[in-house]
Every structure is written in C-alpha cells, then in structure tokens.
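Inspection log for the structure reproduced underneath, given as structure tokens.
Computed over heavy atoms, backbone and side chain alike; hydrogens, waters and symmetry mates excluded. Computed from a predicted structure; not experimentally measured. Labels below follow one simple rule: chain letters A, B, ... track the order of the sequence lines, proteins then strands, and each chain is numbered from 1.
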Amino acid sequence: MPPGPRPVPQLEQINAEIFTLTYGSIVRQLIADFEDLDEVNKQLEKMGYNIGVRLVDELLAKSKQGRCSSFREAAEVVARQALPMFLNVSAAVTNWSADGTECSLVLTDNPLADFVELPDEYRSLRYSNLLPGVIRGGLEMVNMEVDCRFVQDMLKGADCYELRLRLKEHKDEQYPFKGDD
Amino acid sequence: MSRAVPSKHALNIIDRPIARNKLDIPTVSLSAFAYLFSELISYAMDRAASITELEDRLDRVGYDVGCRMLELLSYREKATRRKPEILDMLKHIHSAAWPYMFGKTADDLQQANAADDEYMISDNDLLLGRFISIPKSYSSFVPGSLVAGIVRGMLDSAGFPARVSAHFVEQPSSSKPTTTILIKFDASVMQRQAALDAAKRG
C-alpha cells in the first residue's frame with residue numbers, strides 16, 4: 001500500500017470544547033481520587049489503552065487502510081490518519097532513530113489541553129497521558145508492541161507536544177484456538 | 001484544521017484567543033467524545049459501589065464542565081445583563097447551551113404539574129447516549145446524569161442552586177426512551193423569583 005497522501009475520512013463532529021472540558025473534569029476527579037500523581041498518570045494511560053483497543057477498529061473500518069508493512073508506515077498512519085480523523089489535529093513524524101524503531105510524533109495543537117494551565121505543584125502530572133495510551137492500545141491490536149510517552153509538553157513550557165514512539169517488538173498473530181479442535 | 005499561526009498553546013493562558021464566532025469553534029469527532037465518555041463510565045463503575053454513586057460521580061464531572069461552560073457561553077453571547085429570572089435562564093439552557101453542546105435545541109421545556117419549583121428539559125435522542133446500551137442489571141442507570149451535572153453546574157454558577165437529576169421516560173411512539181432532566185430549584189431561588197414577580201407587578 002503506497003503511503004501517499006490519502007483523504008482523511010470525515011466523522012460526525014461534536015464541539016471540541018465540551019470534549020476538552022470533560023477531559024479536564026475527568027483529570028480533576030482522578031486527582032481527587034488518587035492523591036499520588038504517578039498513579040493518576042498510570043490511570044490516564046490505562047484509560048487511553050482501553051480506548052485505543054477499540055478505536056483502532058473504527059479507524060481501520062472507516063479509513064479502509066490496509067495492512068501496514070512496517071513500523072514506519074504505522075507511525076505515518078497514526079500521524080496522518082488517526083489523529084486528524086478523531087481529534088482534527090495533524091502531527092508530523094520526525095526524528096527517526098538509526099534502526100527505524102523509534103520516532104517522534106510532533107503535534108502543535110492538543111485539544112485535550114486547550115484551556116489548561118498546569119500549576120507548579122502538579123509538574124509531575126502528565127496531563128495528556130491519555131493520548132500515548134490510545135496509541136499504545138491501538139498499535140498493540142495490530143501486533144506491534146510499542147512504548148509511547150510524552151517528551152515535550154507545552155503545558156510545561158516546551159514549544160510543541162512531542163510523543164516518543166518506540167517499537168519494542170512485533171508480535172505474531174495470536175489465534176484464539178489451537179490446532180484443529 | 002491547519003493553523004498558519006504559531007500554536008496558541010505557546011501563549012500565556014490569559015492571552016490565548018478564544019473563538020468568538022460560532023463558526024470558529026473547533027470540533028473533534030463524536031467518536032472521540034464517545035470513547036472518552038465510555039472510559040469515564042468504566043472508571044466510575046469500578047470505583048462506585050452502587051448505581052446512585054455511579055450517577056453521582058458522573059454528576060460531579062458534569063458539574064465542573066457546566067460551571068466553565070456557562071462562562072464560555074456568556075462570553076460568546078456578549079450578553080451584558082445577567083438573567084435573574086428562572087424562565088430566562090432555563091430558556092438559555094434550552095436554546096443556547098443545548099445547540100452548543102449537541103448541535104440542536106432541547107426538545108422540550110416544561111414546568112412540572114405537581115410543584116412549581118420543578119422544571120423539566122427533555123431530549124428525545126441524547127447524543128451522549130447514542131452508543132450506550134444498558135444491561136438489565138443497571139436498568140435504572142441513566143447516562144444523561146453527566147448532562148444533569150452540566151446543567152447543575154450552569155445553574156449554580158448563574159446563581160440558581162438546584163437539585164438536578166436525569167431520568168428516562170419511555171415513549172410509546174418510539175423505541176428509544178426520552179431523557180428528561182428534572183430540575184428542582186432551592187427555596188432561596190423561588191423566594192427571589194417571587195420577590196421579582198412582586199416587584200414587577202407592584
């Protein structure tokens with residue numbers, strides 16, 4: 001499948017601000033429930049993982065994307081199809097490592113963090129940690145185990161949102177049944 | 001959406017532009033919101049011991065959203081006067097807040113027959129609940145509790161403390177139940193309303 005520019009399928013839209021406000025409210029609830037910010041980070045990532053597992057189905061169904069032949073292609077699909085399709089943001093894939101197993105997804109806009117200001121005592125909170133979870137969940141369903149994390153966060157003063165995506169291994173297709181039962 | 005200008009997150013939060021025009025408001029896909037909502041329900045279900053607690057959690061999340069949403073809406077509307085009348089506020093929710101959130105006005109705004117401090121806003125096909133199917137063991141759960149929380153937040157920050165809850169009302173004509181948001185205003189609000197009415201008359 002040639003990774004040329006493909007039209008991004010249009011999904012039904014809803015006001016982004018209610019999405020942003022609801023996400024903020026959820027983060028606030030989590031902080032109130034778990035006192036420890038690391039726990040909140042983990043919980044957000046776990047929620048993202050659950051979302052990603054289901055989101056990839058919709059992505060593949062709506063974008064009629066075929067099988068990705070490589071991790072490179074998968075990263076491109078995430079940046080050029082998945083993110084614009086669901087969040088109306090575009091990302092760029094840069095900073096490939098020498099062996100092609102690590103790359104950076106750079107976003108200039110993040111609807112999850114639109115009206116947010118992070119006070120100093122929450123510096124260790126990864127506010128948008130849902131997003132790496134979604135990517136991890138989605139890619140795991142297509143048999144690529146990855147590690148995804150934010151390395152630059154505009155809420156903490158950086159000039160863009162950068163996600164570092166690292167391929168850990170390609171997993172073989174798991175069949176739910178063995179042999180001829 | 002492509003932006004030629006540098007990202008607005010680079011600016012200080014006070015300097016960031018907020019879309020003034022209704023057409024400029026950014027959008028995300030409905031699926032993204034539906035996934036987020038379903039994860040919220042999942043998480044709340046884990047932590048809650050009963051259906052009431054689950055609805056309570058959703059209500060609290062909605063409350064925060066509602067407080068902030070009222071600010072955004074008022075800013076956009078360029079309204080220079082506050083709305084002290086109950087009916088004005090409810091009409092604002094029905095015709096301005098609902099289209100802002102769901103793209104259409106609420107289907108119905110009624111005053112309850114039994115008590116005059118109770119009002120109901122109905123929606124025949126709540127956008128949030130479209131992808132939700134409720135199993136028998138949770139049959140009294142209403143996903144509209146989030147919306148009830150949002151309405152409660154809006155009313156509270158506008159100065160109308162109230163008890164708001166969401167209910168399903170079966171419709172004979174359609175298979176989908178209507179979500180009704182029941183609003184019961186506090187006594188203080190009713191007293192104020194009575195004083196306003198008396199002032200208008202006298």
Next item on the list: Check the pair Arg57(B) / Asp33(A) against side chain to side chain contact (heavy atoms under 4.5 Å, CB included), numbers first and verdict last.
Entry: CA-CA 11 Å; Arg57(B) 277 179 172 269; Asp33(A) 284 338; 3.0 Å; yes
With a sphere of 6.0 Å drawn around [atom1] of [X], does it hold more than 12 non-hydrogen atoms of other residues, nucleotides or ligands?
X	atom1	result
Arg163(B)	CZ	no
Glu71(B)	CD	no
Arg164(A)	CZ	yes

Note to self: Between Thr22(A) and Phe37(B), is the side chain to side chain contact (heavy atoms under 4.5 Å, CB included) condition met? List the steps.
What the structure shows: CA-CA 8 Å; Thr22(A) 307; Phe37(B) 189 39; 5.8 Å; no
Is the closest side-chain heavy-atom distance between [X] and [Y] below 4.5 Å?
X	Y	value
Ser29(B)	Met85(A)	no
Tyr43(B)	Leu30(A)	yes
Tyr35(B)	Leu55(A)	yes
Val89(A)	Val28(B)	no

Next item on the list: Verify side chain to side chain contact (heavy atoms under 4.5 Å, CB included) between Leu21(A) and Met69(B), making sure each step is shown before the conclusion.
Entry: CA-CA 8 Å; Leu21(A) 290 175; Met69(B) 198 179 306; 4.3 Å; yes
Check: Side chains of Asn88(A) and Thr27(B): do they bring a donor and an acceptor to under 3.5 Å?
Finding: yes
Check: Do Tyr100(B) and Glu17(A) have a side chain donor and acceptor closer than 3.5 Å?
Finding: yes
Next item on the list: Name the member of Ile18(A), Ile51(A), Leu11(A), Thr20(A) that forms the most heavy-atom pairs with chain B at distances under 4.5 Å.
Entry: Ile51(A)
Note to self: How close do Ser31(B) and Glu58(A) get, counting heavy atoms only, and between which atoms?
What the structure shows: OG-OE2, 2.8 Å
Check: So, for Leu36(B) and Leu130(A), which heavy atoms are closest and what is the spacing to 0.1 Å?
Finding: CD1-CD2, 3.9 Å
Check: Is Glu39(B) salt-bridged to Arg54(A), cutoff N-O under 4.0 Å?
Finding: yes
Note to self: Between Phe115(A) and Leu72(B), does the side chain to side chain contact (heavy atoms under 4.5 Å, CB included) criterion hold? Intermediate values first, please.
What the structure shows: CA-CA 11 Å; Phe115(A) 302 120; Leu72(B) 263 180; 4.1 Å; yes
Notebook entry, point to check: CZ of Arg60(B) to OG of Ser25(A): how many Å apart, nearest 0.5 Å?
Noted result: 10.5 Å
Item checked: Euclidean distance, Ile26(A) CD1 relative to Leu40(B) CG, rounded to 0.5 Å -> 4.5 Å
Check: Do we get Arg28(A) above Tyr63(B)'s six-membered ring, with its NZ or CZ under 6.0 Å from the centre and within 45° of the axis?
Finding: no
